[in-house]
S.K.: 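Handing you this structure, nothing more for now.
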Amino acid sequence: MLEILDGLGVSYKSVSSTIEEDTVELIKQILEEEAAGGAAATTDAAPAQNQSAQPQSTQTAQTEAQSAAAPQSAATATAEREPEVAAPAAPETPHRAPVVTIMGHVDHGKTSLLDYIRKTKVAAKEAGGITQHVGAFEAKTSKGKIVFIDTPGHEAFTTIRARGANVADIAIIVIAADDSLMPQTREAIAHAQAAKVPMLIAINKVDLPQADPERVKTDLTQLNLVPEEYGGDLVVVPVSAKTGEGVEDLLEYISLTAELEDLRADPKGNFSGVIIESRVDRQAGVLATVMVQEGTLHVGDFLVVGENYGKIKAMTDSGGGRIKEAGPSTPVQVLGFSEAPASGETVLSAKNEHAAREVIAQRASDRRDAENARVQRKRTLEEMMGP
Ligand code: GTP
Ligand code: MG
């Protein structure tokens, strides 16, 4: 919208500035033309939905639930999709729950927002009231299962935020309405952009008397992130982790975004996952949080991470309950590694201990070869440059 106004040479001071009736008509025309152009470029009706400022409980959002309940509606949904996706008639890979990473500046209310969604009180129990690690949680919401990853906002935890963005399907940037954009807000946005993850903005703490959500929106436009109501495509949802205002809308947007991403994984496929975090517990030993991305993890499986392996002795879900197996989009805490695996590393499974050792031996040998090649290159270079 601001771009259009600039283009037309119309001056404005803020979002509440008034503009001439003729200008309004002109802008409408331009937007309609743009929308028409956008729709022609894709056969998917979804982008049009995305431009609406209001969360909608659209049919698409309910398709999955309906198809689970009524087989014939699943058939209709498939039939409708066929003309645009010329997919072979292979059995469809099942949908999986979205992994949503919450990022933002320190104290803007990320953990509180998750507490509201999960009906927990994690924020109140944190040392010094700040998050110092990632937490991965499964939440049963009105929109089905959503996996949330909470990240710290303190400036010291840049790497944790970057990793959080990398495992995400969707990033939620939490911005406090009384504080607007702060250094780690900008950093979080940059991580989401670098990871090419769709981003939703939650303007939190709108219950505060000094809350100024409009300022947050104008500040966002400075970063070329234009909220939908200003004519851009950025979804901005005002929320309060204290009163719960707007939280349902946020969940609705998450579910719509997930639907557009068409997230799928095969629980019967080969297992792969990623290490979210790991720590050494004095009594239990090494505890690693693994996000299952493909396939299914079982107690007794052998896992390989880098040049380290372990046999799963026990597994707990994010609620702390013992489980025997875990499918796609499930964060689990795994007991069984002898050394703490590095966060962000890929995890694969091996048939047995022998196979696990073989994979590791191969990786170690590849690494030595690469190192030798590097030394060799350096030597050759030195000889060439020699006296
Ligand atoms: P870090 O993890 O350290 O980056 O902080 P955080 O973003 O997780 O913030 P946290 O949830 O710990 O909340 C920080 C403070 O803001 C706490 O005192 C919360 O009670 C308060 N707070 C969070 N959300 C809201 C809200 O919507 N309204 C009000 N009034 N206070 C809130
Ligand atoms: Mg926190």
Side-chain angles (χ1 to χ4, degrees), residues 1-2 12-17 53-55 100-132 134-135 148-158 160-161 164-165 170-193 199-232 234-254:
M1 176 79 112
L2 297 181
Y12 52 86
K13 283 207 185 74
S14 74
V15 283
S16 50
S17 301
Q54 283 302 313
V100 179
T101 298
I102 318 279
M103 294 191 287
H105 195 72
V106 70
D107 275 354
H108 278 198
K110 299 173 289 297
T111 306
S112 302
L113 191 57
L114 273 183
D115 277 340
Y116 187 89
I117 295 170
R118 300 168 55 228
K119 304 179 183 69
T120 51
K121 290 195 167 57
V122 175
K125 291 184 207 135
E126 287 176 332
I130 70 161
T131 304
Q132 308 201 31
V134 273
F148 287 102
I149 295 184
D150 189 13
T151 67
H154 191 279
E155 58 180 336
F157 303 111
T158 299
I160 299 187
R161 281 187 288 275
I170 299 168
I172 294 187
I173 312 292
V174 174
I175 308 175
D178 60 336
D179 214 16
S180 199
L181 269 71
M182 286 288 137
Q184 273 59 55
T185 318
R186 293 190 182 85
E187 192 205 295
I189 290 171
H191 287 313
Q193 288 172 330
M199 190 164 60
L200 306 177
I201 306 287
I203 302 185
N204 190 32
K205 308 198 188 186
V206 292
D207 59 282
L208 292 174
Q210 66 272 33
D212 189 356
E214 288 308 319
R215 181 181 153 214
V216 179
K217 288 180 216 167
T218 22
D219 285 354
L220 282 164
T221 58
Q222 308 290 316
L223 296 178
N224 276 329
L225 294 169
V226 185
E228 282 180 334
E229 50 180 301
Y230 294 180
L234 183 70
V235 173
V236 177
V237 193
V239 299
S240 166
K242 194 174 172 188
T243 67
E245 182 189 339
V247 173
E248 267 304 303
D249 291 347
L250 184 64
L251 294 174
E252 176 90 44
Y253 274 117
I254 292 173

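When a residue number appears, it is its place in the shown sequence, counting from 1.
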S.K.: Do the side chains of K217 and I201 get nearer than 4.5 Å, heavy atoms only?
M.R.: no
S.K.: Under a 4.5 Å cut-off applied to non-hydrogen side-chain atoms, are R186 and L181 in contact?
M.R.: yes
S.K.: Quick one: does T221's side chain get under 4.5 Å of P227's, heavy atoms only?
M.R.: yes
S.K.: Quick one: are V237 and L200 in side-chain contact, heavy atoms under 4.5 Å?
M.R.: no
S.K.: Rounded to the nearest 0.5 Å, what separates atom CD in E214 from atom OH in Y230?
M.R.: 4.0 Å
S.K.: Rounded to the nearest 0.5 Å, what separation is found between the CD1 atom of I203 and the CG atom of L220?
M.R.: 6.5 Å
S.K.: Work out which heavy atom in A192 is nearest to a heavy atom in A171; give both atom names and the distance.
M.R.: CB-CB, 3.9 Å
S.K.: Compare every heavy atom of G244 with every heavy atom of Y116, then report the nearest pair and how far apart it is.
M.R.: CZ-CA, 3.2 Å
S.K.: For D207 and T243, which I'm curious about, is there any donor-acceptor pair between the side chains at under 3.5 Å?
M.R.: no
S.K.: From the options T101, L113, V100, select the one residue that forms a side-chain contact (heavy atoms from CB on, under 4.5 Å) with F148.
M.R.: V100
S.K.: Where do V226 and G231 come nearest, in terms of heavy atoms and distance?
M.R.: CG1-C, 4.4 Å
S.K.: If we ignore hydrogens and angles and just use 3.5 Å, is the side chain of D150 paired with the main-chain N or O of L114 as donor and acceptor?
M.R.: no
S.K.: Locate the shortest heavy-atom distance separating P238 from V206; write the atom from each residue and the value.
M.R.: CB-CG1, 3.9 Å
S.K.: Going from CD on E187 to CZ on R161, what distance comes out if it is rounded to the nearest 0.5 angstrom?
M.R.: 4.0 Å
S.K.: For the CD atom of Q184 and the CD1 atom of I175, what is their distance to the nearest 0.5 Å?
M.R.: 13.0 Å
S.K.: Does any part of the side chain of I172, heavy atoms only, come nearer than 4.5 Å to the side chain of K110, both counted from C-beta?
M.R.: no
S.K.: Work out which heavy atom in G109 is nearest to a heavy atom in A241; give both atom names and the distance.
M.R.: O-CB, 4.5 Å
S.K.: Quick check against the 3.5 Å criterion: does R215 have a side-chain atom that pairs as donor or acceptor with the backbone of D178?
M.R.: no
S.K.: Any non-hydrogen side-chain atom of M199 less than 4.5 Å from a side-chain atom of L225?
M.R.: yes
S.K.: So N204 and V239, do their side chains get closer than 4.5 Å, heavy atoms only?
M.R.: yes
S.K.: Does T151 reach the main-chain N or O of I102 with its side chain, forming a donor-acceptor pair under 3.5 Å?
M.R.: yes
S.K.: Using a 3.5 Å distance criterion without hydrogens, assess whether the side chain of D179 forms a donor-acceptor pair with backbone atoms of H108.
M.R.: no
